[in-house]
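Have a look at the structure below, then the notes.
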Amino acid sequence: MDLGIKGKRAIVCASSKGLGRGVAEKLAEAGVDLTLNARTEATLRATANEIADKYGVKVQIVAEDVTTETGRNALLKAEPQPDILVNNAGGPPAGNWSEWGEEEWLKAINNNMLTPILLMNAILPGMIERKWGRVLNITSGSVKSPISSLGLSNAARNGLTGFVAGTARQVAKHGVIINNILPGSHDTDRTKGFLERTAEAKGISIEEARAAAYAENPTGRYGTAEEFGAAAAFLCSQYSGFIVGQNLLLDGGAYNSTQG
Ligand code: NAP
């Protein structure tokens with residue numbers, strides 16, 4: 001399917017690996033020129049080269065921490081007029097409610113709520129003027145179904161979700177479409193680390209930990225960055241213009257619910 005976005009330009013935050021890379025690849029496949037971002041320059045450069053070679057699109061990199069003002073300014077300087085913005089960053093650490101003080105809360109709110117909001121604030125006016133734009137925020141399934149140890153994530157990401165709910169409806173009449181995409185468990189470095197920690201804590205092998213985790217999902221597996229990227233690219237496409245302020249859960253049916 002031609003997504004109708006060939007020649008558009010996208011910023012994809014936190015995209016040298018994992019879900020961000022999955023989105024970048026599918027946008028590139030659709031003919032979108034990319035500004036990719038991550039903190040580690042070597043990995044980012046390797047990803048950018050692979051994507052440019054494979055899909056023949058223009059790819060530039062900004063090796064900065066997107067959760068800092070310096071990082072965001074560098075991104076906006078490299079690509080001041082993106083047609084597509086994909087917000088993403090690492091998630092807050094796991095822990096317990098009793099361990100989190102002001103410092104931990106401010107960091108989580110900055111990284112997973114304020115950073116995407118500030119990027120939207122900077123980019124939405126241009127999209128409105130040009131009468132076309134797509135913004136997609138990678139949040140988490142924990143927005144719908146809390147993971148107790150990820151209280152920082154549950155809360156900060158719900159703050160972003162609240163902002164998007166209202167703002168998406170204010171900008172849609174200008175052809176600017178904002179949605180959120182909510183990953184459940186996907187096979188990325190992040191979940192690899194989680195499985196390693198689980199295996200160590202339970203005294204089992206990583207493969208046993210993986211099999212147990214897979215068995216808990218209705219599909220019997222984790223999601224892939226490729227299928228995540230394809231769904232995300234559709235939400236950034238010419239055909240997503242009537243999908244406004246939604247929260248698309250990609251979790252293999254793990255969230256047990258009759259509706260929604
Ligand atoms: P991942 O495989 O660890 O990849 C994270 C990517 O983001 C890397 O490219 C990393 O590169 C970059 N990154 C991290 N922090 C950054 C920062 N501050 N500034 C710029 N780049 C940054 O992680 P993932 O699994 O794709 O997860 C992506 C997001 O989805 C996270 O917020 C995660 O919490 C959320 N999520 C993931 C899952 C899942 O199952 N995978 C489920 C629910 C939610 P550098 O380290 O070089 O910066």
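Numbering of ligands and ligand atoms starts at 1, following listing order. Along the sequence shown, the residues carry numbers beginning at 1.
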Exercise. Backbone, side chain, both or neither: what part of E64 comes under 4.0 angstrom of ligand 1, heavy atoms only?
Worked result: backbone
Problem set entry | N/O separation below 3.5 Å, V66 to ligand 1 | yes
Exercise. Of the options V86, I84, T47, V12, which is the one that meets L34 in a side-chain contact (heavy atoms from CB on, under 4.5 Å)?
Worked result: V12
Problem set entry | Any N or O of N112 closer than 3.5 Å to N or O of ligand 1 | no
Exercise. W132 ring centre to K8 NZ or CZ under 6.0 Å, with the angle to the axis within 45°?
Worked result: yes
Exercise. Which ligand 1 atoms does T188 reach within 4.0 Å, using its non-hydrogen atoms?
Worked result: 2 (O), 24 (P), 25 (O), 41 (N)
Problem set entry | Connected via hydrophobic side-chain network under 4.5 Å: Y214 and L250 | no
Exercise. Judged by modelled atom types alone, do S142 and N154 share a side-chain donor-acceptor pair under 3.5 Å?
Worked result: yes
Exercise. Which ligand 1 atoms does S185 reach within 4.0 Å, using its non-hydrogen atoms?
Worked result: 40 (O)
Problem set entry | Crowding at CD, E227 (>12 non-hydrogen neighbours, <6.0 Å) | yes
Exercise. Just wondering, do N37 and I61 contact through their side chains at under 4.5 Å, heavy atoms?
Worked result: no
Problem set entry | Test of proximity, A38 against ligand 1: N or O pairs below 3.5 Å | no
Seminar exercise, completed: For D189, the atoms of ligand 1 under 4.0 Å from one of its heavy atoms are 2 (O)
Problem set entry | Single hit among L136, I243, L235 for side-chain contact (heavy atoms from CB on, under 4.5 Å) with L248 | L235
Problem set entry | Nearest-neighbour protein heavy atom for atom 22 (C) of ligand 1, which is reported as residue plus atom name and distance | A14 CB, 3.6 Å
Problem set entry | Any N/O pair S140/ligand 1 closer than 3.5 Å | no
Problem set entry | Side chains of T139 and N137, donor plus acceptor under 3.5 Å | no
Exercise. Which atoms of ligand 1 sit under 4.0 Å from any heavy atom of G91?
Worked result: 31 (C), 32 (O), 34 (O)
For this session: Around atom 10 (C) of ligand 1, find the nearest protein heavy atom and jot down its residue, atom name and distance.
Result: S16 OG, 4.2 Å
For this session: Return yes if some donor-acceptor pair links the side-chain N/O of T191 with the main-chain N/O of F194 below 3.5 Å, else return no.
Result: no
For this session: Return yes when atom CD of E99 has more than 12 non-hydrogen atoms of other residues, nucleotides or ligands closer than 6.0 Å, and no otherwise.
Result: yes
For this session: Please report which non-hydrogen protein atom sits nearest to atom 44 (C) of ligand 1, along with the residue it belongs to and the distance in Å to one decimal place.
Result: P183 CG, 3.5 Å
Exercise. Side chain, backbone, both or neither: which part of T139 comes within less than 4.0 Å of ligand 1 when only heavy atoms are counted?
Worked result: backbone
Exercise. So with a 6.0 Å cut-off around CG of N96, is the heavy-atom count from everything else above 12?
Worked result: yes
For this session: Run the contact test for G184 against ligand 1 with a 4.0 Å cut-off on heavy atoms, strictly below, and give the result.
Result: yes
Seminar exercise, completed: Here the atoms of ligand 1 under 4.0 Å from any heavy atom belonging to T40 are 45 (P), 47 (O)
Exercise. Considering only heavy atoms, does K192 approach ligand 1 within less than 4.0 Å through its side chain, its backbone, both, or neither?
Worked result: neither
Exercise. Looking only at heavy atoms, is any part of T191 under 4.0 Å from ligand 1, and if so is it the side chain, the backbone, or both, or is it neither?
Worked result: side chain
Problem set entry | Atom indices of ligand 1 within 4.0 angstrom of T67 heavy atoms, with elements | 18 (N)
For this session: Identify the protein heavy atom lying closest to atom 20 (C) of ligand 1, giving its residue, its atom name and the separation to 0.1 Å.
Result: N37 OD1, 3.3 Å
For this session: Starting from atom 38 (C) of ligand 1, find the nearest protein heavy-atom neighbour and note its residue, name and distance.
Result: R190 NH1, 3.3 Å
Exercise. Ligand 1 versus A89, non-hydrogen atoms closer than 4.0 Å: side chain, backbone, both, neither?
Worked result: backbone
Exercise. Are a donor atom and an acceptor atom from the side chains of T115 and R72 found within less than 3.5 Å of each other?
Worked result: yes
Exercise. Within a distance of under 4.0 Å, is there any protein heavy atom near atom 5 (C) of ligand 1?
Worked result: no
